[in-house]
Trainee: 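So that we are looking at the same thing, I have put the structure below in structure tokens.
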Amino acid sequence: VEMTITVENKSNRHIPRMILADNPPAFVSTKPRKVWFDITVPPGGRVAVKYKVKPLVPGAHDFKNIAVHLLDVLGLFHDSVEIECMAVLTALPLSIPVSEELRSLQRVLGIEIRGKALTGVYDLATIRDYVIGDDVRKILWKIFAKNRKFMVREDFGESLARILVLVDIRRHEWYVGTPPNTLAQIQLRYARSVIEYFVKNRCVVDIAVCSGAMPKVIRNAEKDVVYAIYTMSSVLPAGGGCESPVSIFIKSVYHLGRAVEHYDAVLLITNPVSIVSDYSPDDLKQLFEVFENKLLIVIPRYRYEQIIEEGVLRKLLVNISSIAENIGLGLHVSEEELYLVSQKGGE
């Protein structure tokens with residue numbers, strides 16, 4: 001992406017020498033490598049300098065300030081100031097087709113991903129309790145008048161699987177591995193791939209990504225999946241992540257204006273390293289109690305053996321599976337390979 005810094009001299013005095021030094025964020029490369037410009041600005045003049053940046057990881061990259069050094073012709077006098085110059089570059093994670101992966105996920109979830117559309121949209125599929133977020137036009141007022149209970153109708157053409165995807169990225173994941181295949185990048189690629197698959201198959205999809213202390217939510221990703229992925233990436237600073245217990249995701253349902261009953265399945269995308277270092281059994285138990293039998297922990301495939309000894313890794317996965325089983329959580333380890341490989345064969 002080409003970046004431009006524009007300097008405008010609104011005075012009637014000549015600026016003989018100005019040095020501009022930008023300090024790009026950590027996870028971008030620049031061309032030239034050192035962003036340093038030595039310019040002269042005439043009275044009332046304007047000078048623009050350009051350089052290129054390449055984001056190395058997905059997420060929001062914040063460009064915060066520029067150092068300005070003012071000098072006279074001989075360089076005897078010098079003054080410096082930092083100017084706040086906010087700009088944000090948002091990079092989206094890559095994605096891959098995950099149809100085979102999701103077929104196995106579908107069996108684990110026990111839902112029909114493609115919905116229940118059999119005939120026309122006016123054929124009654126079921127009558128169920130009203131939950132927050134339902135269209136009030138679907139309320140059956142005759143039943144309410146009789147039983148004082150809000151019920152809504154679902155038609156075959158409207159009865160689609162409703163999915164909540166929880167994306168849990170921790171700060172340390174950006175430093176496990178190297179770009180373009182850090183653990184955080186693999187996890188975000190998997191999250192995007194899963195979300196796009198659900199949307200492609202006509203599901204209603206909500207997203208919650210934990211950034212900082214609270215989850216940020218995106219409602220109805222199926223309406224514009226690219227914008228939803230962009231929004232998810234823009235609220236996640238590159239190199240940042242969740243700073244709260246995983247149970248904070250419980251609040252995302254209320255931020256979305258939904259009820260737990262609204263969802264057919266809830267996917268928590270995480271990894272064994274975060275489960276061991278950042279989760280507690282109580283946190284997982286809280287999630288299970290709220291989401292009941294709808295919650296599935298999904299672990300993207302990664303070369304964990306490069307960071308954890310094979311024996312320790314095997315024992316770790318067994319322990320995680322045991323905890324999940326005892327609490328009542330579902331657990332699924334991805335079969336997809338999400339590593340980015342160059343044309344020369346290197347990662």
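When a residue number appears, it is its place in the shown sequence, counting from 1.
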Trainee: Given 3.5 Å as the limit, does a donor-acceptor pair link the side chain of K52 with the main chain of T30, or not?
Mentor: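 Not confirmed, K52 side chain does not pair with T30 backbone.
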
Trainee: Within the structure provided, determine whether M232 and L188 are in side-chain contact (heavy-atom separation under 4.5 Å).
Mentor: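 Side-chain contact under 4.5 Å: yes.
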
Trainee: Decide whether I19 and F63 are clustered together by the hydrophobic rule: side chain heavy atoms of Ile, Leu, Val, Met, Phe, Trp, Tyr closer than 4.5 Å, transitively.
Mentor: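 No, I19 and F63 fall in different hydrophobic clusters.
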
Trainee: Do W36 and V53 share a hydrophobic cluster (ILVMFWY, side-chain heavy atoms under 4.5 Å, transitive)?
Mentor: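 No; V53 is not reachable from W36 via cluster members.
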
Trainee: Does any N or O in the side chain of N9 come within less than 3.5 Å of the main-chain N or O of S11, such that one atom is a donor and the other an acceptor?
Mentor: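 Between the backbone of S11 and the side chain of N9 there is a qualifying donor-acceptor contact (under 3.5 Å).
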
Trainee: Without placing hydrogens or testing angles, list every side-chain donor-acceptor pair under 3.5 Å for residues 243-251, not counting sequence neighbours.
Mentor:
unit_1 : atom_1 : unit_2 : atom_2 : d
E243   : OE2    : R171   : NH2    : 3.0
S244   : OG     : A213   : O      : 2.6
S247   : OG     : D283   : OD1    : 3.3

Trainee: If you measure only the distance, is there a donor-acceptor pair under 3.5 Å linking the side chains of T4 and K50?
Mentor: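 Yes, a side-chain donor-acceptor pair sits under 3.5 Å.
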
Trainee: Determine whether the side chains of Y304 and N271 contain a donor N or O and an acceptor N or O closer than 3.5 Å.
Mentor: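 The answer is no; no qualifying pair exists.
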
Trainee: Ring of F144, cation from R148 - is the NZ or CZ under 6.0 Å from the centre and inside 45° of the axis?
Mentor: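 Satisfied, under 6.0 Å and within 45°.
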
Trainee: Donor-acceptor check, side chain of S274 to backbone of T270, threshold 3.5 angstrom: yes or no?
Mentor: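 Absent.
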
Trainee: Go through the side-chain N and O atoms of S280 and D282 and say whether any donor and acceptor fall under 3.5 Å apart.
Mentor: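 No, D282 and S280 have no side-chain donor paired with an acceptor closer than 3.5 Å.
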
Trainee: Looking only at side chains, do S193 and E196 share a donor and an acceptor under 3.5 Å apart?
Mentor: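 No donor-acceptor contact under 3.5 Å links the two side chains.
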
Trainee: Are L92 and Y227 linked, directly or through other ILVMFWY residues, by side chains that come within less than 4.5 angstrom of each other?
Mentor: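 L92 clusters together with Y227.
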
Trainee: Can you find a pair of side-chain heavy atoms, one from R192 and one from L94, that are under 4.5 Å apart?
Mentor: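 Heavy-atom side-chain distance check fails, nothing below 4.5 Å.
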
Trainee: State whether the side chain of T40 and the backbone N or O of P16 hold a donor-acceptor pair below 3.5 Å, judged by distance alone.
Mentor: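 Present.
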
Trainee: Can you spot which of T231, L256, I218, I163 makes a side-chain contact (heavy atoms from CB on, under 4.5 Å) with I207?
Mentor: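 Looking at T231, L256, I218, I163, the match for I207 under the side-chain contact (heavy atoms from CB on, under 4.5 Å) is I218.
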
Trainee: Less than 3.5 Å apart, any donor N or O on the side chain of D168 or Y279 sitting next to an acceptor on the other?
Mentor: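 Yes, a side-chain donor-acceptor pair sits under 3.5 Å.
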
Trainee: Is there a path of hydrophobic side-chain contacts, each under 4.5 Å between heavy atoms of I/L/V/M/F/W/Y residues, joining V57 to I269?
Mentor: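 Hydrophobic grouping puts I269 with V57.
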
Trainee: Under 4.0 Å between a Lys/Arg side-chain N and an Asp/Glu carboxylate O for D38 and R17?
Mentor: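 Result for this pair is yes, salt bridge flagged.
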
Trainee: Extract all donor-acceptor atom pairs below 3.5 Å that involve side chains of residues 72-89 and protein atoms in other chains or at least two apart in sequence.
Mentor:
unit_1 : atom_1 : unit_2 : atom_2 : d
D72    : OD1    : G75    : N      : 3.2
D72    : OD1    : L76    : N      : 2.7
D72    : OD1    : F77    : N      : 2.7
D72    : OD2    : L74    : N      : 3.4
H78    : NE2    : S80    : OG     : 3.3
S80    : OG     : H69    : ND1    : 2.7

Trainee: Are any of the side-chain heavy atoms of V68 and M18 separated by less than 4.5 Å?
Mentor: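 They are in side-chain contact.
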
Trainee: Near Y230 OH, under 6.0 Å, is it more than 12 heavy atoms from other residues, nucleotides or ligands?
Mentor: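 No - once you tally the heavy atoms of other residues, nucleotides and ligands closer than 6.0 Å, there are 12 at most.
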
Trainee: Is the ring centre of Y302 less than 6.0 Å from the ring centre of Y339?
Mentor: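 Y302 vs Y339: aromatic centres under 6.0 Å.
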
Trainee: Could you verify whether a donor N or O on one side chain and an acceptor N or O on the other, from H262 and D206, lie under 3.5 Å apart?
Mentor: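 There is no such pair between these side chains.
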
Trainee: Can you find a pair of side-chain heavy atoms, one from L267 and one from V194, that are under 4.5 Å apart?
Mentor: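 Side-chain contact under 4.5 Å: yes.
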
Trainee: A side-chain contact here means heavy atoms from C-beta on lying under 4.5 Å apart; do R258 and R219 qualify?
Mentor: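 R258 reaches R219 side chain to side chain.
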
Trainee: Mind checking what makes salt bridge (charged side-chain N to carboxylate O under 4.0 Å, His left out) contact with K142, not counting sequence neighbours?
Mentor: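 In terms of salt bridge (charged side-chain N to carboxylate O under 4.0 Å, His left out), with neighbours along the sequence ignored, K142 is linked to no residue.
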
Trainee: Got a donor-acceptor contact below 3.5 angstrom from the Q185 side chain to the P180 backbone?
Mentor: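 Looks like yes, one N/O pair under 3.5 Å.
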
Trainee: Check whether more than 12 heavy atoms from other residues, nucleotides or ligands sit under 6.0 Å from atom CG of N23, and answer yes or no.
Mentor: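 Incorrect, the count does not exceed 12.
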
Trainee: Can you tell if the side chain of H255 reaches within under 4.5 Å of the side chain of M214, non-hydrogen atoms only?
Mentor: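 In short, these two side chains touch, coming nearer than 4.5 Å.
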
Trainee: Is it true that the side chains of E173 and T182 contain a donor and an acceptor less than 3.5 Å apart?
Mentor: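 No - no donor-acceptor pair under 3.5 Å links their side chains.
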
Trainee: Less than 4.0 angstrom from a charged side-chain N to a carboxylate O is my criterion; do R46 and E8 meet it?
Mentor: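 Looking at R46 and E8, the cut-off is met.
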
Trainee: Would you compute the distance between atom CG of L166 and atom OG of S252 and round it to the nearest 0.5 angstrom?
Mentor: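 Interatomic distance, L166 CG to S252 OG, rounded to 0.5 Å: 5.5 Å.
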
Trainee: Show the nearest heavy-atom pair for residues P237 and W174, with the distance to one decimal.
Mentor: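 Looking at all heavy atoms of both residues, the closest pair is O-CZ2, 4.1 Å.
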
Trainee: Would you say the side-chain atoms of K31 pair up with the backbone N or O of Y51, donor to acceptor, closer than 3.5 Å?
Mentor: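 Side chain of K31 to backbone of Y51, a donor-acceptor pair under 3.5 Å: no, none is there.
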
Trainee: Just so I know, are the side chains of L164 and V253 near enough to count as touching, which here means a heavy-atom distance under 4.5 Å?
Mentor: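 Yes, close enough: below the 4.5 Å cut-off.
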
